[in-house]
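Worksheet: one structure, shown below.
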Amino acid sequence: MSNGDFNYTANKDHTYDAIVIGSGISGGWAAKELCEGGLKTLVLERGKNVVHLKDYPTATKNPWEFDHHGYNTLKIEEDNPVVSKCYAFDESTHHFFVKDKQHPYIQEKPFDWIRGYQVGGKSLLWARQTQRWSKFDFEGPARDNYAVDWPIRYDDLAPWYSHVETFAGISGNHDGLETLPDGEFLPPWEMNAVEKTIKERIMASYKDRNVIIGRCAHLTQPKEIHLEQGRGQCQARNLCQRGCPFGGYFSSNSSTLPTANKTGNLTIIPNSVVHSIIYDDKKGKATGVRVIDADTKQATEYYARIIFVNAAALNTNLILLNSKSARFPNGFGNDNGLLGKFIAFQNYRGYINATFDGPADSYYYGRRPTAVMMPNFRNVHKQETDFKRGYMVFYTATRAGWGHETDGPQIGAAYKDAVSEPGGWDIYMMMQGETIPKETNHVFLSKDQKDDWGVPLLTVSVDYDENDEKLKDDFLKQGVEMLEKAGCKNISPGDNHWNPGLDIHEVGGVRMGKDPKTSLLNEWNQFHNCPNVFVTDGACMTSTGVQNPSLTFMALTARAASHAIEEFKKGVL
Ligand SMILES: Cc1cc2nc3c(=O)[nH]c(=O)nc-3n(C[C@H](O)[C@H](O)[C@H](O)COP(=O)(O)OP(=O)(O)OC[C@H]3O[C@@H](n4cnc5c(N)ncnc54)[C@H](O)[C@@H]3O)c2cc1C
């Protein structure tokens with residue numbers, strides 16, 4: 001991009017101590033920490049503003065208050081073949097998802113890119129499952145010879161996990177497991193009677209397996225630190241993706257952004273599409289960002305001593321690839337040619353349905369926002385299988401009926417009778433597997449196609465490999481065996497053949513590492529060759545682990561921000 005393409009309206013009033021690109025889970029944390037550290041911080045967000053409570057138009061609607069009872073119409077599905085595959089995309093949440101036609105990208109191989117462009121990003125939409133990584137995850141690449149060695153270990157991040165857990169509010173049980181370290185927990189959710197029976201039978205059958213209740217970012221019992229944020233107890237409504245009127249789950253909108261705002265140091269400018277980062281060849285560092293107004297398309301610039309890139313993994317790659325200068329002709333920081341490469345994701349392909357002859361007089365209350373889970377038990381202490389790494393297992397036991405699966409029209413006396421009686425017990429089990437980052441799984445800029453804001457379209461070229469197939473097959477075999485041992489019936493395993501991306505856990509492209517020749521970022525998430533730019537969203541991840549990723553993004557962000565504040569105050573940055 002040559003300077004001539006821009007209509008500059010910039011002036012020096014546009015100067016802050018720090019700029020954060022993106023206001024989702026990681027950007028919200030960067031904003032909070034930097035503002036609390038005393039830095040005047042500008043958050044640039046490409047989407048519209050979403051103010052907690054005020055901008056949740058569907059949060060308290062009943063099904064009959066929607067035009068289509070909350071369901072997608074055929075037309076919506078036809079117009080949105082990608083995003084409509086996401087389980088959370090329905091009539092009650094459309095307004096928080098990017099529609100397919102609004103923001104096109106190029107799929108060199110099938111990839112379902114699920115996005116939320118607004119203040120709060122996907123923090124409004126996420127499923128809120130939060131587990132710490134263990135030492136085995138950080139040691140994985142070095143031990144098993146893939147990707148590159150992480151420049152940090154579990155002990156480096158542990159205090160920062162505690163920091164973010166305490167503030168966000170994470171419910172969980174203290175299970176004392178090496179494979180899934182405990183955190184700063186609020187009271188856990190409970191397993192129901194059948195889940196407990198299955199747990200007992202699995203644990204009695206296998207020495208290497210643990211079954212625990214899931215850990216999630218819900219306030220089961222808010223503490224002072226949460227009440228101060230204006231948040232209250234989770235009501236187990238499970239309508240979270242509409243925005244929670246109780247602040248019962250963690251989102252940027254309910255938690256980090258209002259806290260940053262209270263410091264008086266925060267400025268958020270929505271509808272600001274960051275086009276690229278400005279690198280000053282003479283100063284030898286980044287000096288700001290170029291922004292296009294989402295509505296007027298007018299270009300401007302903002303300046304700061306520190307820049308945090310938190311646009312979510314693939315958009316962070318896009319911004320950096322588009323940030324070309326004399327010093328970095330191939331994209332920001334890209335001396336080694338690895339920017340956009342070694343993308344990874346998580347393998348959700350395997351699932352198993354079953355039934356269980358459980359107690360007919362046992363019920364459960366509310367819509368629990370988590371599942372029963374099993375930390376990875378494959379290749380934990382050493383390589384044992386013919387595939388690398390492993391997977392986590394989730395399962396639930398729910399009662400059929402209650403109107404959910406009745407045949408015929410959902411109206412009339414027969415329907416009312418049917419919905420007043422719960423049916424038998426259904427079991428659902430699924431996997432969340434690690435994928436191995438590969439150079440061939442990459443993203444790059446289109447040479448000839450641009451979006452409405454003049455930014456080249458992102459091309460995504462990401463696929464499964466043989467390791468992923470073997471891992472999925474192993475889960476299906478082990479899962480069926482575990483459910484058999486637990487006494488389940490009608491066990492039916494399947495492969496959903498999901499495209500990569502639908503896991504919504506994509507990472508990589510700007511990985512951390514020790515060596516500037518083989519990685520982009522150092523142990524503090526700074527570019528090796530431009531330390532005043534930090535990347536702390538999923539793009540920084542060297543490998544994926546089996547855990548849900550966002551808690552780790554939060555902890556990495558808070559850690560990096562603390563380092564940035566220190567260096568800023570010392571005058572190093
Ligand atoms: C349905 C669903 C379920 C999920 N479940 C879980 C779960 O249970 N556990 C878990 O850990 N994770 C889960 N995730 C994933 C989780 O939402 C993401 O990992 C997390 O939001 C990533 O945080 P982020 O800050 O990187 O990106 P986001 O939260 O997506 O925020 C990025 C922000 O950057 C903005 N942006 C992008 N480009 C630009 C630009 N050029 N200029 C300015 N702003 C820009 C976007 O508009 C967005 O607001 C789920 C996601 C979805 C959608």
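For ligands, and for the atoms within them, numbers begin at 1 and follow the listed sequence.
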Is there a ring-ring contact (aromatic ring centres under 6.0 Å, His included) between Tyr464 and Phe345 once you walk through the steps? CA-CA 9 Å; Tyr464 294 102; Phe345 55 101; 5.3 Å; yes
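- Considering Arg215, Gln129, Gln346 as possible partners of Asn548, the one that fulfils the side chain to side chain contact (heavy atoms under 4.5 Å, CB included) test is Gln129.
- Ring planes of Trp133 and Phe138: tilted class, angle from 30 to 60°.
- In terms of N/O distances under 3.5 Å, ligand 1 is not approached by Trp126.
- Considering backbone and side-chain atoms alike, Asp537 places every N or O at 3.5 Å or more from each N or O of ligand 1.
- When only non-hydrogen protein atoms are considered, atom 51 (C) of ligand 1 lies nearest to Ile504 CG2, 3.6 Å.
- Ring orientation note: the planes of Trp524 and His563 are close to parallel, at an angle under 30° on the 30°/60° scale.
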Check the pair His163 / Tyr161 against ring-ring contact (aromatic ring centres under 6.0 Å, His included), numbers first and verdict last. CA-CA 5 Å; His163 179 73; Tyr161 276 128; over 10 Å; no
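- Asn525 and Cys540 make their closest contact through ND2-SG, 3.4 Å (heavy atoms, listed as atom of the first residue, atom of the second, distance).
- For ligand 1, the atoms sitting less than 4.0 Å from at least one non-hydrogen atom of Ser272 are 42 (N), 43 (C), numbered in the order shown with element in parentheses.
- With a 4.0 Å heavy-atom cut-off, ligand 1 is reached by the side chain of Asn315 but not by its N, CA, C or O.
- Close approach of ligand 1 to Leu44 is summarised as follows: ligand atoms under 4.0 Å from at least one heavy atom of the residue are 43 (C), 44 (N).
- When side chains are defined from C-beta on, Phe553 counts as touching Met541, because their heavy atoms get closer than 4.5 Å.
- Residue-ligand proximity, Ile319 to ligand 1, at heavy-atom distances under 4.0 Å covers atoms 40 (C), 41 (N).
- Contacts between Gln118 and ligand 1, counted as non-hydrogen atom pairs separated by less than 4.0 Å, involve the backbone only.
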Between Asn315 and Tyr117, is a side-chain contact (heavy atoms from CB on, under 4.5 Å) present by the stated rule, with each step listed? CA-CA 11 Å; Asn315 270 317; Tyr117 289 173; 2.9 Å; yes
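- Evaluated by nearest non-hydrogen atom to atom 1 (C) of ligand 1, the leading choice among Val98, Leu125, Thr552 is Leu125.
- Among protein heavy atoms, the minimum distance from atom 47 (O) of ligand 1 is reached at Glu45 OE2, 2.6 Å.
- Closest to atom 41 (N) of ligand 1 among all protein heavy atoms lies Val274 O, 3.0 Å.
- Remark: ligand 1 atoms within the under-4.0 Å shell around heavy atoms of Gly116 are 46 (C), 47 (O), 48 (C), 49 (O).
- A side-chain donor-acceptor contact under 3.5 Å links Ser123 to the backbone of Ser252.
- Close placement of the Phe444 and His442 rings is indicated, their centers lying within 6.0 Å of each other.
- When hydrogens are left out, the protein atom nearest atom 10 (C) of ligand 1 is Ser550 OG, 3.2 Å; that is the closest non-hydrogen contact.
- Among all protein heavy atoms, the one lying closest to atom 27 (O) of ligand 1 is Ala312 CB, 3.2 Å.
- In this structure, Phe328 has its ring center closer than 6.0 angstrom to the ring center of Tyr279.
- Between Tyr105 and Trp113, the ring planes are perpendicular. Angles over 60° get that label, and only those under 30° would be called parallel.
- Residue-ligand proximity: Tyr87 is placed with a non-hydrogen atom under 4.0 Å from ligand 1.
- Among Ser23, Ala127, Ser26, the residue whose heavy atom lies closest to atom 24 (P) of ligand 1 is Ser26.
- Distances below 4.0 Å separate heavy atoms of Tyr117 from the following atoms of ligand 1: 46 (C), 47 (O).
- Closest heavy-atom approach to atom 32 (C) of ligand 1 within the set Ala217, Pro369, Ala311: this belongs to Ala311.
- Here the heavy atom of the protein found nearest to atom 44 (N) of ligand 1 is Arg46 N, 3.1 Å.
- Residue Ile25 has at least one nitrogen or oxygen atom sitting less than 3.5 Å from a nitrogen or oxygen atom of ligand 1, judged on distance alone.
- In this structure, Asn322 and Ser276 approach most closely via the heavy-atom pair O-CB, 3.5 Å.
- Among the atoms of Gly120, none of the N or O lies under 3.5 angstrom from an N or O of ligand 1.
- When the heavy atoms of His505, His103, Lys122, Lys48 are ranked by distance to atom 29 (O) of ligand 1, first place goes to Lys122.
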Can you check side-chain contact (heavy atoms from CB on, under 4.5 Å) on Val533 and Gln526, steps first, answer last? CA-CA 6 Å; Val533 178; Gln526 299 165 281; over 6 Å; no
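- In this pair, Tyr351 and Tyr428 present their aromatic rings parallel. The plane angle is below 30°, not in the 30 to 60° band.
- Scanning all protein heavy atoms for the shortest distance to atom 7 (C) of ligand 1 gives Asn548 ND2, 3.4 Å.
- Between Gln129 and ligand 1, at least one pair of N/O atoms sits closer than 3.5 Å.
- Here the protein heavy atom with the shortest distance to atom 31 (O) of ligand 1 is Gly24 CA, 3.2 Å.
- Qualifying salt bridge (charged side-chain N to carboxylate O under 4.0 Å, His left out) partners for Lys85, counting only residues two or more places apart in sequence or in other chains: Asp112.
- Proximity to Gly22 (heavy-atom distance under 4.0 Å) selects the following atoms of ligand 1: 33 (C), 34 (O), 35 (C).
- Residue Gln241 places no N or O, backbone or side chain, under 3.5 Å from any N or O of ligand 1.
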